[in-house]
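Worksheet: the structure to be examined is printed underneath.
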Amino acid sequence: MDFVAAFSFLFFGFTIVFSLFSFLIYVLRLKPWCNCDVCKTYLSSSWTKDFDNLCDWHTHLLRKSKTGTIHVHVLGNIITANPENVEHMLKTKFENYPKGKPFSALLGDFLGRGIFNVDGDSWKFQRKMASLELGSVSIRMHAFDLIMSEIRSRLLPLLSSVADKQEVLDLQDVFRRFSFDNICKFSFGLDPGCLKLSLPACKIAAAFDTASKLSAERALAPSPIVWKIKRLLSIGSEKELKQAIKKVNELAEGMINQRRQAGFSKNNDLLSRFMTYITDEKYLRDIVISFLLAGRDTVASGLTSFFWLLSQRPEVESAIRAETEKVMGSNQDLPSFQEMREMHCLNAAVHESLRLYPPVQFDSKFSQDDDILPDGTFGDQIVSNSKPERWLKNGVFVPANPFKYTVFHAGVRICLGKEMALVEMKAVALAIIRGFNTRVVDPNQVPRFSPGLTATVRGGLPVVIQEREA
């Protein structure tokens, strides 16, 4: 027993000394004594007096910067919206700008070896497999049919039932349920039924939210040492995160087992394709969790911001309705894929919403080797923001430079699900705009985002729904 006690004492003593030494190195590297205006504002949190969200403050600084690049020395960060810098990182020198170990460490417990948390061969393999699934016209039409089915059988009946009672409805919650059902049906061939009329409790969605939020909050710690010690001791937020991740893992494994029991060799969903080539259960689980994150949170976030913005700009809603009548005439059914392609005003409104409130507000990269960006900037961790042009020319939608408009990433890692995400957003938005009037309960509400991997509005988006006359 004395030997065990002595060993434990030495072990924890070494851990504490090593942690303090690591923290000292980390602090020295970050220059906590920096007295520049940006660092003083960040450290004192005085930016909160004028801005609701950290990304709003960053955008303000980027607008003022001649190069579209700013430095936050106390964090060792460079933040850029310079298209030349972004193209340099995401395309020209892609191999030199991986996600990096610091980023992977933050999300490693939650996302494991999933596509959003890896680089190199593992990322290439998952991307190749996903591109085979998402690239064909038949698969995209299948996705479109699933979206329309969910709108017709669940979303519209739910909204009609609430409109009859004049009840307050949280649209953010509705969108998260809708997109979760949709991604599960498309990617895994399974239907969790989160958007059923009774709005049942969705265990995996709740655990997913907690794991996402707490994983992101690790980045807010003064040093990685802080959350790593809390994880080692299983205390506070790290204990809660561990419990949430356990629930997510169990439910993801349940999805895999359910698909295996039903048979996967003849199915074309994403999970079945991966199961054909992968026998490692943990790796499969990580892949499932990453694709749930991609298909659920981003679309729901985009739709929430879109309808908040629409409540501020009723003339845009009127323009979309006028365009719909022009394209669809008296047809009261849901639009076809081709009809939606002709709706330039709707497309522009969705893209503008995503420009103002991108679901993923920051994209972090680490320079593997010393490098100088095109604007002369030198540094280790670089974060890019979006800052694009407007969208319509002579009434026709014109896409922006992808290295200016990085909502869907750009270059080698551009989002494979971009087109399907846009179709899902436009289909849902159009169904609601055509059939209902939505009024935000608090017209003075300004989106304030909770910490998370995607932009989630604190308190949701409470609205009152009214059916429009046919």
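Start at 1 with the first residue, then count along the sequence.
The backbone N or O of Ala300 sits less than 3.5 Å from a side-chain atom of Thr304, completing a donor-acceptor pair. Side chain of Asn82 to backbone of Thr67: a donor-acceptor contact under 3.5 angstrom is found. For Thr454 (side chain) and Thr298 (main-chain N/O), no donor-acceptor pair under 3.5 Å exists by modelled atom type. Formation of a donor-acceptor pair under 3.5 Å by the Gln361 side chain with backbone atoms of Leu453 is not found in this model. Side chain of Trp308 to main chain of Gln445: a donor-acceptor pair is present (N/O by atom type, distance under 3.5 Å, no hydrogens or angles). Thr406 places no side-chain N or O within 3.5 Å of a backbone atom of Phe403 that could act as its donor or acceptor partner. No donor-acceptor pair closer than 3.5 Å links the side chain of Asn249 to the backbone N or O of Lys282. Under the 3.5 Å distance criterion, the side-chain polar atoms of Thr59 are matched with a main-chain donor or acceptor of Cys55. Between the Asn117 side chain and the Leu111 main chain, no donor and acceptor come within less than 3.5 Å of each other. Judged purely by atom type and a 3.5 angstrom limit, His351 uses its side chain to pair as donor or acceptor with the backbone of Asn347.
Once rounded to the nearest 0.5 Å, the distance linking CD of Gln126 with OG of Ser131 reads 12.0 Å. Taken to the nearest 0.5 Å, the CG atom of Leu422 stands 9.5 Å off from the CE atom of Met340. A distance of 9.5 Å separates CE in Met328 from OG in Ser330, rounded to the nearest 0.5 Å. Distance check: Ile151 CD1 to Leu159 CG gives 10.0 Å after rounding to the nearest 0.5 Å. How far OG1 of Thr80 is from NZ of Lys365: 14.0 Å, rounded to the nearest 0.5 Å. Atoms OG1 and CD1, on Thr324 and Ile433 in that order, are 7.0 Å from each other to the nearest 0.5 Å.
In this structure, Arg218 and Glu238 have side chains that are in contact, with non-hydrogen atoms separated by less than 4.5 Å. No side-chain heavy atom of Phe397 sits under 4.5 Å from any side-chain heavy atom of Met343. Taking the side chain as every heavy atom from C-beta outward, Leu461 and Pro447 never approach each other to under 4.5 Å. Residues Arg341 and Gln338 are in side-chain contact: their nearest non-hydrogen atoms beyond the backbone lie under 4.5 Å apart. Residues Phe366 and Lys99 form no side-chain contact, since every pair of their non-hydrogen atoms from C-beta on lies 4.5 Å or further apart. With contacts defined as side-chain heavy-atom distances shorter than 4.5 Å, the pair Ile115/Ile287 does not qualify. Between Pro359 and Leu354 the shortest side-chain heavy-atom distance falls below 4.5 Å. With contacts defined as side-chain heavy-atom distances shorter than 4.5 Å, the pair Glu150/Lys185 qualifies.
In this structure, Phe274 and Phe291 have tilted ring planes: the angle between them lies in the 30° to 60° band. The aromatic rings of Phe144 and Phe337 lie perpendicular to each other, with more than 60° between the two planes, well past the 30° mark.
Residues Asp56 and His60 bring no donor and acceptor atom of their side chains to less than 3.5 Å of each other. Side-chain contact, Thr69 with Asn85: a donor N or O sits under 3.5 Å from an acceptor N or O. Remark: the Thr377 side chain and the Asp375 side chain contain an N/O donor-acceptor pair separated by less than 3.5 Å. For the 3.5 Å distance criterion, the side chains of Glu87 and Thr92 fail to qualify, holding no donor opposite an acceptor. Between the side chains of His88 and Asp371, at least one donor N or O sits under 3.5 Å from an acceptor N or O.
Annotation for Met148 and Pro335: closest pair CE-O, 3.5 Å, computed over non-hydrogen atoms. For Ser65 against Gly68, the heavy-atom pair with the smallest separation is OG-N, 3.1 Å. Here the closest heavy-atom approach between residue Ser301 and residue Ala455 is recorded as OG-O, 2.7 Å. The two residues Asp297 and Ser212 come nearest to each other via the heavy atoms OD2-OG, 4.4 Å.
Phe175 is linked by a ring pair (Phe, Tyr, Trp, His ring centres under 6.0 Å) to Phe307, counting only residues two or more places apart in sequence or in another chain. With sequence neighbours excluded, the residues forming a salt bridge (charged side-chain N to carboxylate O under 4.0 Å, His left out) with Arg260 are Glu281, listed by chain and number. With sequence neighbours left out, His344 forms a ring pair (Phe, Tyr, Trp, His ring centres under 6.0 Å) with no residue at all. Contacts of Asp121 classified as side chain to side chain donor-acceptor pair (under 3.5 Å), with partners at least two apart in sequence or in another chain: none. Not a single salt bridge (charged side-chain N to carboxylate O under 4.0 Å, His left out) links Glu342 to another residue, sequence neighbours left out. In this structure, Tyr283 has no ring pair (Phe, Tyr, Trp, His ring centres under 6.0 Å) partners at least two apart in sequence or on a different chain. Taking Phe449 as the reference, Tyr357 meet the ring pair (Phe, Tyr, Trp, His ring centres under 6.0 Å) condition, with sequence neighbours excluded. Applying the salt bridge (charged side-chain N to carboxylate O under 4.0 Å, His left out) rule to Lys124 yields no partners; only residues at least two apart in sequence or on another chain are considered.
Judged as a salt bridge (charged side-chain N to carboxylate O under 4.0 Å, His left out), the pairs with a partner in residues 406-431 (not counting sequence neighbours) are, in order, Asp119-Arg413. Listed by first then second residue, pairs satisfying salt bridge (charged side-chain N to carboxylate O under 4.0 Å, His left out) with a partner in residues 429-446 number zero, not counting sequence neighbours. Legend: ring pair (Phe, Tyr, Trp, His ring centres under 6.0 Å) pairs involving residues 111-138, not counting sequence neighbours, sorted by first then second residue: Phe94-Trp123.
The pair Lys326-Glu323 does not count as a salt bridge, with every side-chain nitrogen at least 4.0 angstrom from each carboxylate oxygen. Note on Asp109 versus Lys242: no salt bridge recorded, every NZ/NE/NH1/NH2 to OD/OE distance being 4.0 Å or above. Salt bridge Glu317/Arg313: absent, no basic N to carboxylate O contact under 4.0 Å. Under 4.0 Å is where a charged nitrogen must lie from a carboxylate oxygen, and between Asp209 and Lys213 no such pair does.
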Start with the C-alpha distance between Asp181 and Arg177, add both sets of side-chain angles, then the distance that settles salt bridge (charged side-chain N to carboxylate O under 4.0 Å, His left out), and finish with yes or no.
CA-CA 6 Å; Asp181 279 358; Arg177 289 171 179 271; over 6 Å; no
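Within 6.0 Å of atom CD in Glu250, more than 12 heavy atoms from other residues, nucleotides or ligands are found, so the atom counts as buried in its surroundings.
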Can you give each donor-acceptor pair under 3.5 Å made by side-chain atoms of residues 191-206, sequence neighbours left out, with the distance rounded to 0.1 Å?
from: Asp191; atom 1: OD1; to: Arg154; atom 2: NH1; distance (Å): 3.0
from: Asp191; atom 1: OD1; to: Gly193; atom 2: N; distance (Å): 3.0
from: Asp191; atom 1: OD2; to: Arg154; atom 2: NH1; distance (Å): 3.3
from: Asp191; atom 1: OD2; to: Arg154; atom 2: NH2; distance (Å): 2.8

